[in-house]
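So the structure is just underneath, and the comments pick up after that.
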Amino acid sequence: MRTAATAAPLLLLGTALPAASATAADAPPALPLVPAAVRSVRPGDRLTVTARDGEAGNGDVVLSDAFTARGTLRMRAPLLTATVTVACDAAPGDHRVETNLPPAQGGAAHPAFRTTLRVRDADARARRECRDRQRDHPAPADPPEERWPAHTSWPQSPWDVRSFAPGSRVRLTDNEDEGVDDGAVTMISPAFAAAAPARDRGRAVKVAMATISCGTKPGVYPVYRKGPVATGSTKEVWARYRVTEASAGSTACRETAADPGPEHRALPWAVGGGALAVALLGAGGALARVRRTRRRTAGG
């Protein structure tokens with residue numbers, strides 16, 4: 001659920017040129033996403049779009065005909081961010097940038113914020129060098145992993161990855177199953193010592209408590225939701241979390257991992273450079289789903 005905007009999100013502009021040629025003067029300043037704002041950019045520039053939560057939503061799409069591809073805003077506290085690139089062949093002149101709701105949230109696009117990028121003219125040689133640079137040194141994909149503020153309940157979305165040590169007791173909040181019978185929804189994960197039923201706790205949301213099994217290898221693990229098919233299935237990834245190394249010499253963790261069943265038995269997903277390996281994003285095609293953007297705070 002989107003909240004009313006109180007101030008304009010910001011568009012921070014970086015550059016895709018080699019570091020040796022980039023200077024502080026080359027880095028464009030922040031740009032409010034408002035119709036009156038205009039910012040000059042060059043073909044090939046990398047752009048980091050940022051917005052405050054509530055002014056835009058997690059999963060909102062950032063698009064422009066000047067970009068090589070759309071970007072997706074994801075929470076990386078304290079701001080929502082997305083990385084995009086100005087196309088080497090972008091026509092000189094003004095191009096509108098908009099943030100739209102993701103397709104899963106309403107079909108037709110609903111522009112929420114917009115601004116104008118003014119693409120500088122470039123000669124044929126500069127555009128050719130830009131294309132060569134993008135071909136030989138392609139920009140890394142924007143990682144899907146999100147970082148939400150610590151005071152918010154977990155998970156805020158399927159990509160809200162938080163860290164836990166083996167033996168940790170963790171709390172999962174479910175605000176999408178209001179009206180479902182108590183205990184009818186269960187959270188299952190390869191690293192949980194046992195399945196965690198979602199229970200009514202005298203609030204509008206349900207809460208599931210789970211324990212990370214001792215001996216769990218460090219890595220990122222999925223949580224699957226098992227419950228009524230009308231609101232989900234075991235093939236949906238409900239959340240993801242990172243298991244850290246156990247403390248050296250720690251003897252406090254004595255839990256034995258329960259077998260989660262062949263459908264959910266798995267090794268941790270590969271992690272590299274702080275981002276999940278995109279090649280391992282499976283789970284029935286549901287991993288690209290962006291959950292409703294209603295905020296889930298600890299107060300429920």
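Positions are given from 1 along the sequence.
At a threshold of 4.5 Å between non-hydrogen side-chain atoms, the residues W159 and R240 count as touching. Considering only heavy atoms from C-beta on, Q134 comes within 4.5 Å of T68 through its side chain. No side-chain heavy atom of I212 sits under 4.5 Å from any side-chain heavy atom of Y221.
Looking at residues two or more places apart in sequence or on another chain, you find no side chain to side chain donor-acceptor pair (under 3.5 Å) involving R120. Listed by chain and number, the residues in a side chain to side chain donor-acceptor pair (under 3.5 Å) with T81 are R76 (sequence neighbours excluded). D181 meets the side chain to side chain contact (heavy atoms under 4.5 Å, CB included) test with A184; sequence neighbours excluded. A search for side chain to side chain donor-acceptor pair (under 3.5 Å) contacts involving R162 returns T152, D160, not counting sequence neighbours. Take R169 and apply the side chain to side chain donor-acceptor pair (under 3.5 Å) test, not counting sequence neighbours, and it matches T211.
No more than 12 heavy atoms of other residues, nucleotides or ligands shown are found within 6.0 angstrom of CZ on R125.
Pairing each heavy atom of D182 with each of A198, the nearest pair is OD1-O, 3.9 Å. Taking each heavy atom of A196 and A210 in turn, the nearest pair found is CB-CB, 3.9 Å. Pairing each heavy atom of G215 with each of P166, the nearest pair is N-CB, 4.5 Å. Residues A165 and T244 share a closest heavy-atom pair of CA-OG1, 3.4 Å. In terms of heavy atoms, A195 sits closest to I188 at CB-CG1, 4.1 Å. The two residues A126 and A122 come nearest to each other via the heavy atoms CB-CB, 4.1 Å.
In this structure, CZ in R74 is found 11.0 Å from CG in L80, a value given to the nearest 0.5 Å. Interatomic distance, D121 CG to R127 CZ, rounded to the nearest 0.5 Å: 6.0 Å.
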Test log, rule salt bridge (charged side-chain N to carboxylate O under 4.0 Å, His left out), inputs E129 and R133: CA-CA 6 Å; E129 291 175 348; R133 186 167 57 248; 5.6 Å; no
Verdict with reasoning, L117 to L47, per side chain to side chain contact (heavy atoms under 4.5 Å, CB included): CA-CA 11 Å; L117 293 182; L47 317 176; 3.7 Å; yes
V243/F164 under side chain to side chain contact (heavy atoms under 4.5 Å, CB included): CA gap, chis, key distance, verdict: CA-CA 5 Å; V243 176; F164 306 105; 5.7 Å; no
Candidate pair R225 and M187, rule side chain to side chain contact (heavy atoms under 4.5 Å, CB included), full reasoning: CA-CA 5 Å; R225 176 197 175 282; M187 304 301 175; 4.2 Å; yes
Intermediate values then yes/no, side chain to side chain contact (heavy atoms under 4.5 Å, CB included), R199 and D174: CA-CA 9 Å; R199 300 291 190 186; D174 173 12; over 6 Å; no
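No chain of hydrophobic side-chain contacts below 4.5 Å, direct or via other Ile, Leu, Val, Met, Phe, Trp or Tyr residues, connects V207 to W154.
At a cut-off of 3.5 Å, with distance as the only test, a side-chain donor of T83 or D142 sits close to an acceptor on the other residue. For the residue pair T85 and R46, a side-chain donor N or O sits within less than 3.5 Å of a side-chain acceptor on the partner. Side chain to side chain, N58 and Q156 fail the donor-acceptor criterion of an N or O pair below 3.5 Å.
A donor-acceptor contact shorter than 3.5 Å links the side chain of S64 to the backbone of A66. K206 contributes no side-chain N or O that, together with a main-chain N or O of V185, makes up a donor-acceptor pair within less than 3.5 Å.
Of the options P155, P158, S157, a side chain to side chain contact (heavy atoms under 4.5 Å, CB included) to E146 is made by S157 and by none of the others.
Ring-plane geometry between Y241 and F192 is classed as parallel, the angle between the planes falling under 30 degrees on a 0 to 90 degree scale with a further cut at 60.
For the disulfide bond (SG atoms under 2.5 Å apart) condition, the pairs that include at least one residue of residues 130-159, sequence neighbours left out, are C88-C130.
The existence of a salt bridge linking R131 and D89 is confirmed by a sub-4.0 Å separation between a basic side-chain nitrogen and an acidic carboxylate oxygen.
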